[in-house]
Amino acid sequence: MLEIYKSTETRELEKVDAVSKGCWVNMYAPTAEEINKVSHDAQVDIDIIKDALDDEERPRIERDDGRVYIIVDFPYIVHDETGMAVYETIPIGIILTQENIITVSLKDSPIIDEFRRNRVKEFFTFKKTRFALQLLFMISSYYLRYLKQINKKTNEIEKVVHQSLKNKELYAFLALEKSLVYFTTSLKSNKVVLDKILRFNYVKMYEEDKDLLEDVIIEKTQAIEMAETYHTILTGMMNAFASIISNNLNIVMKFLTSITIILALPTMVASFYGMNVDIPFQHVAYSYVIPLVIAGVFACLTAFIFWKKKYF
């Protein structure tokens, strides 16, 4: 998908048909034809565009012939086969040329939609550096937003797990832990890119741009700390619940073993009295009551001993 936007004099964002000075070119899951068109019209190396479409590409920043290429990871939500929300990250490329700015990614994102709907304050397509910093700030904000959602889901699942331990809840914990690993790795890589922008002056920035960049770095640092904290908590909870499951299994096995032993005693008594040999009191009226009483006494005595030892 190829979209081209341009800010008007009335601060509106209008969609245009061709690449021109001061416009914003947005591509997600583009076709080969769209990639070639943007590469030709914006004079951008086609390999740079394709790099941003590689979901294994690492965040980085490069500068070449007056153009700045930034690749960072942004978060997005997918759902597994059970409908459980899983948080993952994929790269997004931000290309700053002398005349326009280009964003390219494999998927559309609500982050881009914030700009597409012109909901970001002081957003203009011709202010390329500020636009790039605003986009990086918005990515950091969404990391924080999704981390809060992960923490909320963790608390909800924890309440369910306290009542009953099922595979569904454990799989949900695993999915959240996997999401936190993705977030932590991507956030640390993104922060390296931001530090390079701040230290090496890859792009020309005014004082307000530097302030915005510092805000982005603060947001990113906070997101890293939150992700690491939530991951540590979730890992501890997983280990604790694994121990609970193991302990519950031991309790069940101990209970079943105790019941088996208690039931084995009446069976043993009945087996002795069922032998085809002479046995005591076999000619007494209601002699069948005798093995029943003996079996009941043995069973009750064994159950009392197990109860005192807290086997069940």
*Does the side chain of Ser39 come under 3.5 Å of the side chain of Asn36 through a donor N or O and an acceptor N or O?*
no

_Single-linkage hydrophobic cluster Val78~Val181, side-chain heavy atoms < 4.5 angstrom_ = no

*Do Tyr143 and Phe183 have their ring centres less than 6.0 Å from each other?*
yes

*Provide the closest heavy-atom pair for Glu34 versus Met1 in the form atom of the first, atom of the second, distance.*
OE1-N, 3.1 Å

*Can you say whether the rings of Phe115 and Phe131 are parallel (under 30°), tilted (30 to 60°) or perpendicular (over 60°)?*
tilted

*Report yes if some heavy atom in the side chain of Ile157 is under 4.5 Å from a heavy atom in the side chain of Leu176; otherwise report no.*
yes

*Going by atom types only, do Tyr5 and Glu14 share a side-chain donor-acceptor pair under 3.5 Å?*
no

_Crowding at OH, Tyr28 (>12 non-hydrogen neighbours, <6.0 Å)_ = yes

*Which atoms form the tightest heavy-atom contact between Ala223 and Leu144, and what is the distance?*
CA-CD2, 3.5 Å

*Which pairs with one or both residues in residues 213-229 pass salt bridge (Lys or Arg N to Asp or Glu O under 4.0 Å), sequence neighbours excluded?*
Lys188-Glu228

*Classify the side-chain pair Glu177/Thr235 by whether it contains a donor and acceptor separated by less than 3.5 Å.*
yes

_Students often mix this up, so state it plainly: with edges at 30° and 60°, are the rings of Tyr202 and Phe200 parallel, tilted or perpendicular?_
perpendicular

*Thr129 side chain vs Lys204 backbone, donor-acceptor pair below 3.5 Å*: yes

*Check the side chains of Glu114 and Tyr142 for a donor-acceptor pair under 3.5 angstrom, ignoring hydrogens and angles.*
yes

*Output yes when Arg60 and Asp51 qualify as a salt bridge under the 4.0 Å nitrogen-oxygen rule, no when they do not.*
yes

*asked:* Tell me if the centroids of the rings in Tyr87 and Tyr76 come within less than 6.0 Å of each other.
replied: no

